[in-house]
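Note on naming: letters A, B, ... go to the chains in the order of the sequence lines (proteins, then strands), and numbering restarts at 1 for each one.
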There are 2 protein chains.
Amino acid sequence: MSVTRVDVARRAGVSEAVVSYVVNDGPRPVAAETRERVKAAIEELGYRPNVMAKALMGGATGTVGLLMPSPANPFFAELAEAIEKALVARDNHVLIGIVTGASARGEEYVASFIDRRVDGLIVIANPLLETALVDAAGRTPIVFLDRIAKLRGSSSVMVDNVAGSAYAVEHLQSHGHRVIGCIAGPPGIGASVDRVAGWRRQQQSVGHDSSDDFVAFGEFTEAGGEAAAYTLLAPEGRLAATGREVPSAIFVSSDIQAIGAIHACSLLGLRVPEDVALVSFDGTKIGQFARPSLTALRQPIHDMARDAVSMILDSDDGRPARPRASVLQGNLVLGESCGCRDDVGSHRV
Amino acid sequence: MSVTRVDVARRAGVSEAVVSYVVNDGPRPVAAETRERVKAAIEELGYRPNVMAKALMGGATGTVGLLMPSPANPFFAELAEAIEKALVARDNHVLIGIVTGASARGEEYVASFIDRRVDGLIVIANPLLETALVDAAGRTPIVFLDRIAKLRGSSSVMVDNVAGSAYAVEHLQSHGHRVIGCIAGPPGIGASVDRVAGWRRQQQSVGHDSSDDFVAFGEFTEAGGEAAAYTLLAPEGRLAATGREVPSAIFVSSDIQAIGAIHACSLLGLRVPEDVALVSFDGTKIGQFARPSLTALRQPIHDMARDAVSMILDSDDGRPARPRASVLQGNLVLGESCGCRDDVGSHRV
DNA sequence: CTGTTAGCGCCTTCAT
DNA sequence: ATGAAGGCGCTAACAG
């Protein structure tokens with residue numbers, strides 16, 4: 001079968017313990033010469049420590065669990081990839097769990113991950129995991145992404161959704177828009193709430209209407225964005241139907257919804273950005289290839305991933321992990337959807 | 001600490017072995033009454049078998065490894081999600097590895113996954129893993145997706161790329177197109193090669209030009225598709241520059257490339273589908289929200305996932321897994337990009 | 001500095 | 001039908 005520590009020990013003419021000391025750099029010192037001999041034996045035999053046995057002893061497994069929404073949303077796909085890369089760069093691996101909307105599978109995932117002795121859990125905003133995570137919190141470090149950690153001892157990485165959204169809305173205002181709608185994410189998710197808050201704050205700060213009539217909620221999907229856009233823009237929609245002023249611009253809470261919204265505009269015969277200007281949140285790659293390309297508040301995906309991973313991995317270093325929290329800022333990426341560019345059609349990417 | 005089998009045994013007033021028999025339904029029978037008592041104890045104590053210990057004994061870990069390209073390509077994102085769902089539905093979990101282009105990390109992933117005792121490996125087309133997988137093949141079942149299994153003992157799930165592409169091209173031909181270009185995926189990947197073959201076969205079968213001049217290779221990314229489109233369509237591109245006839249239609253090997261190609265057309269002032277008709281391969285959700293929406297050959301994602309998972313999980317059931325192979329057919333999804341629909345009037349360029 | 005050894009939690013013959 | 005005991009590969013305390 002596979003080569004074990006005993007084989008290495010025999011080959012190097014030492015005891016099993018010494019092999020351990022060499023592999024783990026401790027807890028006891030080893031003579032330089034002996035160490036070389038052992039290393040050679042390991043090399044020659046192609047010995048690899050058995051992760052299971054180590055875990056059984058309570059050691060680290062080099063595996064962290066990632067709980068995330070569907071990667072059909074390109075933002076989550078990009079974020080997941082960034083996290084995976086950051087983890088692998090530090091010799092860890094990812095156990096993944098996709099927690100879709102209403103499914104209560106969350107608890108099962110958490111339990112299974114704990115069973116598999118993950119060294120930590122990275123959880124991307126999903127309000128349904130509350131109870132499941134409570135008891136997990138005591139067993140392994142947890143980092144929340146895009147969600148304030150209410151759990152004792154857990155950490156969080158946030159982007160400043162309020163400031164980012166406000167900035168995006170301000171950009172729209174700078175183009176002269178006054179009636180600016182808001183397509184929100186699913187209610188109940190912190191990020192959704194904050195982005196609406198950012199839109200509202202910015203509209204209020206210059207005295208524009210920010211009543212709930214201008215807010216349409218939808219899932220973080222193309223269809224969600226499309227439906228929300230209809231609500232705000234269609235002749236039979238909420239606003240037009242009651243004779244209210246129809247927005248000349250919309251702040252959309254995610255790129256994927258913006259793509260759906262553009263689709264809706266297209267079907268309604270509205271041009272983007274001429275008839276309706278759009279700015280969204282996320283700044284994904286595919287948004288830049290949308291037609292028109294999206295002006296969006298880009299989330300600092302790689303920084304988010306780096307911080308989250310660091311909070312998990314560096315916690316083990318000294319003591320039981322002191323909870324941390326980081327708040328990152330996004331930046332605006334200019335595309336065509338806001339009406340900024342006159343040179344539509346003449347630029348290269 | 002956590003509750004072990006000993007606790008359950010004590011609580012139920014039986015020996016540890018009996019607990020095992022109950023948990024695993026064997027290998028020895030247990031009296032119905034005793035069984036109930038043990039089950040009750042398990043329930044009350046919230047006992048969960050230690051996966052690590054079981055794996056140490058050579059048992060299944062309920063974890064399978066998935067090696068895939070970047071989920072920034074929505075097709076892979078959808079496929080990965082389908083696989084994850086299929087696996088979880090059968091009480092397994094996914095260790096994920098994203099293997100990007102030229103990185104030779106493949107070997108590391110495979111080794112790490114084996115270390116973690118995965119019950120199987122699902123590998124989505126990546127030519128770089130050859131050597132790494134050779135020795136893995138003996139240790140765990142492997143299923144290749146979109147790639148013929150050359151490895152002894154491994155299985156594969158394929159979609160009929162040649163037939164699918166040919167069908168897509170035929171659709172273009174039915175609209176009257178004769179000069180049809182081909183945007184290919186990265187050379188070296190079986191699926192790429194086959195899709196070009198399908199395009200060529202169909203063009204040849206009706207006597208149209210299918211020379212290499214009409215084929216442009218590119219990565220499975222937006223940028224890859226954009227660049228390839230330039231090659232075929234731009235005034236300074238390969239064809240126009242030499243006075244050759246410029247395609248009135250293009251078969252694109254993936255949705256994500258098609259999105260890039262549309263972008264290129266837009267920048268070149270070419271309307272889709274009026275000036276250039278497009279049909280792509282994949283049939284992802286986001287393709288339906290592209291502008292124009294994509295006519296595409298949809299891959300049977302859920303069937304692919306189901307088959308792949310079944311090949312891994314059902315192999316363990318009886319004997320050492322008899323290698324299987326399944327070939328699935330796609331179906332054409334009609335969108336606006338091919339020019340089928342007359343109701344594109346609502347779109348402006 | 002290096003060797004010995006007792007578990008970690010579980011499964012599985014082998015007895016009873 | 002049930003219990004006892006060995007061992008999976010590794011770590012860490014405890015000798016030497």
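Partner of A/V19 under the side-chain contact (heavy atoms from CB on, under 4.5 Å) criterion, out of A/D7, A/T4, A/N24, A/V14: A/V14 alone. Screening B/T61, B/V309, B/V64 against B/N92 for a side-chain contact (heavy atoms from CB on, under 4.5 Å) leaves a single residue, B/V64.
Within the structure, the ring pair (Phe, Tyr, Trp, His ring centres under 6.0 Å) test picks out no pair touching residues 33-85 of chain A (sequence neighbours left out). Among pairs with a residue in residues 47-57 of chain B, those fulfilling salt bridge (charged side-chain N to carboxylate O under 4.0 Å, His left out) read A/D115-B/R48, at least two apart in sequence or across chains.
Side-chain polar atoms of B/R116 and A/T63 form a donor-acceptor pair below 3.5 angstrom.
Comparing the helix axis at one end of the helix from C/dC1-D/dG16 to C/dT16-D/dA1 with that at the other, each defined from 5 consecutive pairs, gives an inter-axis angle of 40° (nearest 10°).
Rounded to whole Å, atom P of C/dC11 lies 12 Å from atom CG of B/D25. Summarising the geometry, the separation between CZ on B/R48 and P on C/dC10 is reported as 12 Å, rounded to the nearest angstrom. D/dG9 atom C1' lies 11 Å from atom NZ of A/K54, rounded to whole Å. Taking atom CG on A/L56 and atom C1' on D/dC8, their separation rounds to 9 Å, with Å as the unit. Residue B/M57 contributes atom CE, which lies 11 Å from atom C1' of D/dG9 at whole-angstrom precision.
Remark: nothing in residues 38-46 of chain B comes within less than 4.0 Å of DNA chain D through any heavy atom.
If you take NE2 on B/H302 and CG on B/L328, they are separated by 13.5 Å, rounding to the nearest 0.5 Å. Between the CG atom in A/L87 and the CD1 atom in A/I122 there is a gap of 5.5 Å [rounded to 0.5 Å]. Distance check: A/S154 OG to A/R147 CZ gives 9.0 Å after rounding to the nearest 0.5 Å. The distance from atom CD1 of A/I142 to atom CG of A/L121, rounded to the nearest 0.5 Å, is 5.5 Å.
Side-chain N/O atoms of A/N24 include one lying less than 4.0 angstrom from OP1 or OP2 on D/dT11.
With contacts defined as side-chain heavy-atom distances shorter than 4.5 Å, the pair B/R35/B/V18 does not qualify.
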Please tabulate, for side-chain N and O atoms in residues 38-46 of chain B, each donor-acceptor pair with protein atoms closer than 3.5 Å (sequence neighbours left out).
residue : atom : partner : partner atom : Å
B/E44   : OE1  : B/R11   : NH1          : 3.0
B/E44   : OE1  : B/R11   : NH2          : 2.6

All N/O pairs under 3.5 Å across the protein-nucleotides 1-5 of chain D interface:
residue : atom : partner : partner atom : Å
D/dT2   : OP1  : B/T34   : OG1          : 2.5
D/dT2   : OP2  : B/A31   : N            : 2.8
D/dG3   : OP2  : B/S15   : N            : 2.7
D/dG3   : OP2  : B/S15   : OG           : 3.1
D/dG3   : O6   : B/Y21   : OH           : 2.8

